[in-house]
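Throughout, protein chains are lettered first and strands after them, A, B, ... in sequence-line order, and every chain is numbered starting at 1.
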Amino acid sequence: MRFGLCCLFKNEAIAFRTTTAKALCSLPRSRQLEKLSGICHSNAQSLVRAVQTVHSLGIGAFRIMSPLFPRITHPDVGYGLDDLPDGESIDSLLVATRSFARHHDIRLSFHPDQFVVLSSPRPDVVANSIRELAYQAWLAEAVGADVINLHAGGVYGDKLSALQRFCQVFADLPEIVRSRLTLENDDVSYTVSDLLPVCERLAIPLVYDVHHHRCKPDGLSVEEATRLAGATWQRLGREQYCHLSSPKAGWEGGDPRPHADYIDPEDMPACWRERAMTVDIEAKAKELAVLRLMNCFSGGE
DNA sequence: GCATGTCAAGTTGTG
DNA sequence: CACAACTTGACATGC
């Protein structure tokens with residue numbers, strides 16, 4: 001069992017900077033690139049420190065935040081590493097991240113945010129999504145990340161048509177994207193049962209989020225969903241990936257979807273304990289939540 | 001200095 | 001019909 005941290009730290013002094021398109025637009029291009037170069041260089045340094053810190057804490061996986069290089073695919077202020085004054089230095093920091101992660105077996109992943117929707121009926125939305133995925137895949141290749149995990153997107157009144165569009169778009173994606181793309185069950189629209197046929201058809205893995213499954217059940221037990229999702233990874237010879245979180249307001253009464261600061265050990269499926277798998281911990285207390293959970297199960301492993 | 005509103009992008013469900 | 005929730009800040013602005 002390998003536990004993973006998502007994007008940020010609570011107590012460690014590791015921060016990721018950003019900027020807005022609006023702020024950049026008020027600058028001439030050369031000043032834009034200087035500003036972006038400073039931010040990207042700082043973030044690449046933070047990424048190296050993040051994987052080092054994760055390793056020293058005994059955590060085995062790290063999800064990299066999508067805007068590591070902010071606004072890089074923006075239509076007006078987008079850029080490439082080559083355009084930045086510190087481009088070469090940034091590139092060497094990515095190489096350093098990759099070699100550290102590989103040497104210490106830190107598994108890296110990406111989770112593009114809600115704007116990346118391959119099933120949308122709107123061609124502009126799909127085109128922007130493909131551009132963003134190409135960027136994340138390039139970055140994934142640079143740092144050695146094996147997973148770019150997506151939700152299936154909207155329903156638009158007809159799930160099967162939406163999934164059909166997803167499959168059509170998938171077929172034309174570049175290989176560096178396709179070889180990393182995974183689908184995750186969400187808490188509103190698509191369950192494990194909905195996604196399994198798509199994953200089988202496209203030969204891509206299914207990331208099983210047990211919290212989403214509990215918010216939107218589909219008749220499968222947690223054990224069945226774990227096993228069926230696991231098979232999509234095993235068939236590719238890859239380690240299974242799952243997500244775990246606890247409801248902020250508890251399972252009774254309020255909305256169970258918002259995430260709590262820490263994981264209630266009760267929410268950890270018993271059938272996961274002895275499994276060879278990566279479990280990303282989605283909790284607001286970040287590395288503190290991962291460490292507390294690891295402590296909880298350290299006797300059992 | 002410090003508080004507060006704003007930030008590229010999509011979709012759904014709620015008030 | 002407008003707006004918050006998804007993940008969660010950090011930045012820019014204005015006092």
Asker: Round to a whole Å and report the spacing from CZ of A:Phe16 to P of C:dT7.
Answerer: 19 Å
Asker: Taking side chain to side chain donor-acceptor pair (under 3.5 Å) as the test, write out the residues that go with A:Arg180, two or more places apart.
Answerer: A:Glu141
Asker: Provide a list of protein-nucleic acid N or O atom pairs under 3.5 angstrom, restricted to nucleotides 12-15 of chain B.
Answerer:
| from | atom 1 | to | atom 2 | distance (Å) |
| --- | --- | --- | --- | --- |
| B:dT12 | OP1 | A:Val155 | N | 2.6 |
| B:dT12 | OP1 | A:Tyr156 | N | 2.9 |

Asker: What I want to find out is whether A:Arg292 reaches A:Glu287 closely enough, with some N-O distance under 4.0 Å, to be called a salt bridge.
Answerer: no
Asker: Taking atom P in both B:dT6 and C:dT7, what distance in whole Å separates the two?
Answerer: 23 Å
Asker: Under 4.0 Å between a Lys/Arg side-chain N and an Asp/Glu carboxylate O for A:Arg227 and A:Glu224?
Answerer: no
Asker: Taking only heavy atoms on the protein side, list every residue of residues 277-286 of chain A lying under 4.0 Å from any atom of DNA chain C, sorted numerically.
Answerer: A:Lys284, A:Lys286
Asker: Taking Watson-Crick and G-U wobble pairs with both distances under 3.5 Å, convert DNA chain B into its dot-bracket string, 5' to 3', dots for unpaired and | for cross-strand pairs.
Answerer: |||||||..||||||
Asker: Specify the separation, in whole Å, of atom CG of A:Asp113 and atom P of B:dT11.
Answerer: 13 Å
Asker: Which residue is it: A:His151, A:Arg257, A:Lys216? I am looking for the one with a side-chain contact (heavy atoms from CB on, under 4.5 Å) to A:Val188.
Answerer: A:Arg257
Asker: For A:Asp76 and B:dA9, give me the distance from atom CG to atom P, rounded to whole Å.
Answerer: 11 Å
Asker: Under a 4.0 Å heavy-atom cut-off, which of residues 17-35 of chain A touch DNA chain C?
Answerer: A:Arg17, A:Thr18, A:Thr19, A:Ala23, A:Lys35
Asker: Among residues at least two apart in sequence or on other chains, which ones pass side-chain contact (heavy atoms from CB on, under 4.5 Å) with A:Ala21?
Answerer: A:Arg71, A:His74, A:Val77
Asker: Nearest whole Å is fine: how far is B:dA8 C1' from A:Tyr79 OH?
Answerer: 13 Å
Asker: Please state how far atom CG in A:Asp187 lies from atom P in B:dT11, giving the value in whole angstrom units.
Answerer: 17 Å
